[in-house]
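Chain letters run A, B, ... following the sequence lines, proteins first and then strands; every chain starts at 1.
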Amino acid sequence: MSDIRVRFAPSPTGALHLGGARTAIYNWLFARANEGQFLLRIEDTDTKRSKKEYIEQIYESLRWLGMSWDEEPVFQSQRMAAYQQAAQELLQSGSAYYCFCTSEELEARRKASGVYQYDRKCRSLSETEINTHLNVGKKAAIRCNVPAGTTEWSDCVYGKISVNNDEIDDFILLRSNGFPTYQFAVVVDDIFMRISHVIRGEDHISNTPKQILLYKAFGAGIPEFAHLPLLNGTDGKRLSKRHGATGVDEYRDQGYPAEAVFNYLAILGWVPKDGNEILKPAELVQRFLLADIARKSAVFDLKKFDWVSNEHIKRMENAEICRHILPILIDNHLISAEPDESGRQYILKFIDLMKSRFRNFRQFAELGSYFFKDPETYEDKAVRKNWKETEVNRRMAILLDKLQQLEEFSAVSIESTVRELADELDISAGKLIHPLRLAVSGYSVGPGIFELLEFLGKETVLRRIQAALQRLPVSE
RNA sequence: GGCGCCAUCGUCUAGUGGUUAGGACCCAGGAUUUUCAUUCCUGUAACCGGAGUUCGAUCCUCCGUGGCGCUACCA
């Protein structure tokens with residue numbers, strides 16, 4: 001399997017979105033699984049919509065996902081001469097012809113006839129007619145001279161697809177302003193880059209016959225094609241802003257681990273044969289098979305993505321999680337700067353206690369803030385349920401007193417204190433535990449309470465209970 | 001309008017000419033005599049419709065229907 005060369009070819013008209021990232025991932029997976037080259041091409045021939053800053057943004061997202069590319073990226077905007085030359089070549093061989101029809105004329109004729117395809121008016125122009133037009137400086141586009149017959153290929157994902165050439169328009173290769181169209185530039189570049197497998201979105205299936213015709217016109221070898229089903233939103237429509245975050249960078253900013261995004265996108269529409277769904281990039285490479293990709297468009301499901309992300313966080317080394325959350329903790333003013341060794345140990349333990357519950361790194365700062373500062377508010381629902389009356393204050397005051405007298409503030413001693421008091425008061429331990437958790441964390445859920453109290457330390461715990469005693473219950 | 005692709009639980013999917021149609025996420029219930037946003041267990045839930053082929057179709061064929069895509073001097 002030598003000489004496998006694939007490319008990811010984004011247009012810099014926006015940040016890298018989920019669908020594009022998925023295409024890139026499959027290309028990358030295929031290249032790495034087959035000892036091939038993964039190349040990049042920037043399709044910036046649409047000068048109106050392309051922006052420089054997006055290029056860097058796309059690079060950044062690819063790097064963040066852990067995909068490195070081989071060779072220097074190819075920029076279409078720098079290959080104008082090549083397109084001109086290639087067009088001339090097709091003109092010479094008769095595979096293309098000049099078209100002097102203007103957009104307005106075309107539209108008028110389309111409207112009048114009701115026929116969508118180009119009427120091929122300029123196909124039969126004589127050489128003298130062409131020269132006359134050219135000599136007066138008339139603007140000309142160059143169109144593909146589509147031959148009769150059928151065009152077919154065997155798609156790595158979809159199988160055999162065949163199209164009657166009657167259905168194919170004499171599409172434009174070079175616009176009258178000299179810029180190539182997508183169809184043309186893609187083929188010229190894929191030949192130039194010696195691409196062996198074209199792996200791209202399913203929206204290009206209909207374009208493929210045109211491109212195959214071009215390969216033939218150039219007398220070039222035709223690559224393998226693999227089309228990927230598209231990504232949809234929950235309503236089955238094409239993924240867009242109204243479905244929420246669609247940019248890879250947005251997920252990074254929300255604190256999701258890169259491996260989780262990579263993993264979920266990879267298994268969306270493709271499940272490894274062994275049923276293992278939580279996999280690192282290298283493990284995905286081992287299992288990846290183009291032919292196994294489903295042919296149905298898939299819906300990005302945030303719930304499942306969250307699950308995947310949580311699974312990755314659970315498996316991650318505490319030290320690695322620490323690296324990721326340190327800047328977030330600082331940002332949220334939970335710690336002031338790089339912690340010293342004891343601070344670091346504290347954070348590591350905090351991670352160990354909490355990581356099984358979180359789906360992204362930000363939650364460590366949000367849902368875990370009470371490890372670093374006293375709660376400022378108390379979860380409404382929990383207050384209503386566990387601390388709705390002053391009777392709770394009476395009990396907690398007693399508990400506070402008992403805890404204060406504790407010499408050894410350990411999980412074990414705390415637990416027995418709480419349980420003994422519950423016995424004395426003739427109530428269930430939960431009646432003390434729930435308010436206790438609320439006072440200390442502000443939440444109704446969290447890790448084991450006794451372990452948590454020991455971890456936070458006596459001073460902090462007592463202070464927080466006192467504060468809660470003052471503030472709860474909240475009157476309406 | 002034309003052409004193309006697709007169609008199994010809500011979602012991602014496995015699968016077969018005869019299966020109790022399997023798994024994962026979600027959801028629901030239960031257990032862990034402290035919680036759940038941890039952990040474990042259990043459960044609900046699907047073959048788009050109609051013909052045809054066949055002893056038998058979720059599976060094969062055809063026709064519908066629906067979704068998506070392409071149909072630009074966008075990519």
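Among the atoms of the strands shown, none is found under 4.0 Å from any heavy atom of A:Arg41. As judged by a 4.0 angstrom heavy-atom cut-off over every strand, A:Val163 is placed among residues making no nucleic acid contact. When heavy atoms are screened at a 4.0 angstrom cut-off, A:Cys99 is found touching no nucleic acid atom at all. Among the heavy atoms of the strands lying under 4.0 Å from A:Leu268 are primed sugar atoms or P, OP1, OP2 only; no base atom is included. Nucleic acid contact class of A:Phe179 (heavy atoms, under 4.0 Å, all strands): none. If you check every strand for non-hydrogen atoms under 4.0 Å, A:Ala429 touches nothing. Within 4.0 Å of A:Asp203, counting heavy atoms only, lie sugar-phosphate atoms of the nucleic acid but no base atom. Using a 4.0 Å heavy-atom criterion, one finds that A:His227 contacts no nucleic acid atom at all.
For A:Tyr182, the listed nucleotide lying nearest its side chain is B:A75; candidates were B:A75, B:U34, B:C25. Closest to the side chain of A:Arg238, out of B:C70, B:U34, B:C6, is B:C70. Closest approach to the A:Lys304 side chain among B:A24, B:A75, B:C6 is made by B:A24 (side chain taken as heavy atoms from C-beta onward).
One interatomic measurement links the two molecules: CD1 of A:Ile267 to C1' of B:G23, which rounds to 12 Å at whole-angstrom precision.
For RNA chain B, no neighbouring residue in residues 369-377 of chain A is found when judged by any heavy atom under 4.0 Å.
For A:Ser297 and B:C68, a side-chain-to-base donor-acceptor distance below 3.5 Å is absent, hydrogens and geometry of angles not being considered.
Along RNA chain B, the nucleotide nearest A:Tyr264 and the nucleotide nearest A:Asp46 are compared for position; the residue whose nucleotide lies closer to the 5' end is A:Tyr264. Comparing A:Phe100 and A:Ser206 by the nucleotide of RNA chain B whose heavy atom lies nearest to each, the residue mapping closer to the 5' end is A:Ser206.
Under the Watson-Crick or G-U wobble criterion, with both distances below 3.5 Å, B:C5 is paired with B:G67.
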Pairs: protein N or O with nucleotides 36-39 of chain B N or O, under 3.5 Å:
residue: B:C36; atom: O2; partner: A:Arg357; partner atom: NH1; Å: 2.3
residue: B:C36; atom: N3; partner: A:Arg357; partner atom: NH1; Å: 3.1
residue: B:C36; atom: N3; partner: A:Arg357; partner atom: NH2; Å: 3.2
residue: B:A37; atom: O2'; partner: A:Arg357; partner atom: NH1; Å: 3.2
residue: B:U38; atom: O2'; partner: A:Ser356; partner atom: OG; Å: 3.1
residue: B:U39; atom: OP1; partner: A:Lys314; partner atom: NZ; Å: 2.3

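Stacking of the aromatic ring of A:Tyr116 onto the base of B:G2 is not found under the criterion of centres within 5.5 Å and planes under 30°.
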